[in-house]
Amino acid sequence: MRENVVEELQQMQSNDETKRKMLDILKRFHSEEETESMDEDYSTVSEEIIQRILSGDQVDFDDLSAAEKKQFQRALASGELSKMIEPWDPWWLKPCARTISLSQEGTQLIQALDKQEASVLPQEDLESNQASEIPPGPESPLLPISKLSSTEPSPLLAVHLVDILYSYCFALRLYNGEWQSDTIGSAMVVLSVSSVLGEGRQPETVLEALSHCLEQICSPAYRHMGGLQLGLVLVEDVISLLSLGGPALVCSLCDLQRLIQTGERELKSEKPKKYTRVEIRSKLKLAGRKIYFMMCWVHEQPGEAWSSLAAILGAEKSSAVDYYGGSKQAVKTNNKGETRGKVLVEET
């Protein structure tokens, strides 16, 4: 996350207001840290760094002292630096998402143009084509489920879809819509949130799937991103995707498959062993297969199935909101056997 913010800040046009904001943030968090721990010796932002920022020079994270790095990380964790980044509008909330169409085989109706074809487009059409943020659908026809499995699909696939879509929405919101900026990191986020893709679980109810997802979002690893409040926003994201119908769901799963496969390829070529590469690559490969199976299954389902699933998910979200009254507290789920007839989450 720190690397993403640093990269974003480097791309911003320097101006006095931005520079002053950065200095204020660093100085404010230095003062708070001094108050909390008088025994530790922290210096203020060095005069050299201040002058470099004011003169418009680029300041890298490695240029900061140990104390300044800690202050920067505190500002990052608190969300102060996130306020300097323009919020991303999810593609599934845009009006154009309601008009997605796919072929009978599940492929995108409009294929990407090559450079020669794109060069002859009228300017307004070219701009319209480039402005579309809807992830493209499959390039090859989707296989029938009967060719992927000799047995009948599990009746729990709709529940598993909720789990998978939730992890996709979180990964895109976490990376501000640009999962390509950190393909391995975004893939790891998906595995950590989705019990179906990351742990091979098979939740049996929407409540169980939702409980696990909320528990992950409210865990120490992610709760600084918004906790339960963000968790409920993500539920609304999934409801929005379901309400768009099959074509939008296929496009989202196709985008998620690209995310997972790109992360797998990058992990394979990565020299520093940041992760247990064999184990993680195996998980990513299996996750990619599950997503493709889910994509094919979704394509074969009737449109009314998604409105029903969205209604069930909406009812579970309302129960959580009624119980907590919009609380931002971290949450902990009940065990699988205790979810029926009990509250969705418990405060920790």
Side-chain angles (χ1 to χ4, degrees), residues 89-122 124-155 157-158 160-169 171-172 177 179-180 190 196-197 237-265 285 287-310:
D89 293 324
W91 64 262
W92 51 84
L93 299 181
K94 296 182 179 295
C96 55
R98 294 194 286 267
T99 61
I100 300 175
S101 296
L102 299 176
S103 70
Q104 291 185 347
E105 295 79 21
T107 56
Q108 54 186 350
L109 292 175
I110 302 176
Q111 299 293 333
L113 299 175
D114 59 33
K115 292 182 179 179
Q116 184 175 359
E117 292 174 313
S119 64
V120 300
L121 280 176
E124 58 270 19
D125 290 344
L126 183 59
E127 291 176 356
S128 176
N129 182 59
Q130 293 174 343
S132 175
E133 297 180 18
I134 306 300
E139 296 181 359
S140 302
L142 296 175
L143 294 175
I145 286 294
S146 58
K147 289 190 176 182
L148 296 176
S149 175
S150 58
T151 60
E152 286 293 318
S154 169
L157 286 181
H160 300 173
L161 177 63
V162 171
D163 170 279
I164 292 172
L165 290 176
Y166 192 101
S167 67
Y168 169 71
C169 293
L172 261 64
W179 59 259
Q180 298 88 346
V190 170
V196 174
L197 300 179
D237 285 338
V238 178
I239 293 174
S240 296
L241 274 172
L242 292 171
S243 300
L244 293 173
L249 294 174
V250 169
C251 287
S252 62
L253 290 170
C254 190
D255 194 33
L256 179 57
Q257 184 188 39
R258 282 189 289 267
L259 183 159
I260 294 294
Q261 291 177 340
T262 306
E264 181 189 354
R265 287 194 298 269
K285 184 172 292 187
R289 291 174 180 171
K290 287 182 178 180
I291 294 168
Y292 181 76
F293 185 90
M294 182 67 74
M295 200 186 329
C296 295
W297 176 80
V298 164
H299 178 60
E300 294 185 1
Q301 303 312 301
E304 56 268 21
W306 311 126
S307 57
S308 300
L309 184 57

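From a predicted model like this one, the values you see are computed outputs, not experimental measurements.
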Close side-chain approach of Trp91 and Ser252, heavy atoms under 4.5 Å: yes
Got Pro247 and Ser101 here, is their nearest side-chain heavy-atom distance under 4.5 Å? no
Mind checking what makes side-chain contact (heavy atoms from CB on, under 4.5 Å) contact with Gln257, not counting sequence neighbours? Gln261, Ile291, Tyr292, Met295
Closest approach of Ala287 to Ile260 (non-hydrogen atoms, all atoms of both residues): CB-CG2, 4.3 Å
His160 side chain to Leu197 backbone, donor-acceptor under 3.5 Å: no
Quick check for you: to the nearest 0.5 Å, what is the distance between Cys296 atom SG and Leu148 atom CG? 5.0 Å
For a 4.5 angstrom cut-off between non-hydrogen side-chain atoms, does Ser240 reach Leu93? yes
Leu244 vs Leu249, test: side chain to side chain contact (heavy atoms under 4.5 Å, CB included). Steps then yes/no. CA-CA 8 Å; Leu244 293 173; Leu249 294 174; over 6 Å; no
Check: Arg258 main-chain N/O paired with Thr262 side-chain donor or acceptor under 3.5 Å: yes
To the nearest 0.5 Å, what is the distance between OG (Ser146) and CD (Glu300)? 7.0 Å
State the CD1-CG distance between Ile164 and Leu256, to the nearest 0.5 angstrom. 7.5 Å
What is the minimum heavy-atom distance between Gly246 and Trp306, and which atoms define it? N-CD1, 3.6 Å
Yes or no on side chain to side chain contact (heavy atoms under 4.5 Å, CB included) for Trp179 and Leu172, after CA distance, side-chain angles and deciding distance? CA-CA 6 Å; Trp179 59 259; Leu172 261 64; 3.8 Å; yes
Lys94 side chain to Glu133 backbone, donor-acceptor under 3.5 Å: no
Got a donor-acceptor contact below 3.5 angstrom from the Ser308 side chain to the Glu304 backbone? yes
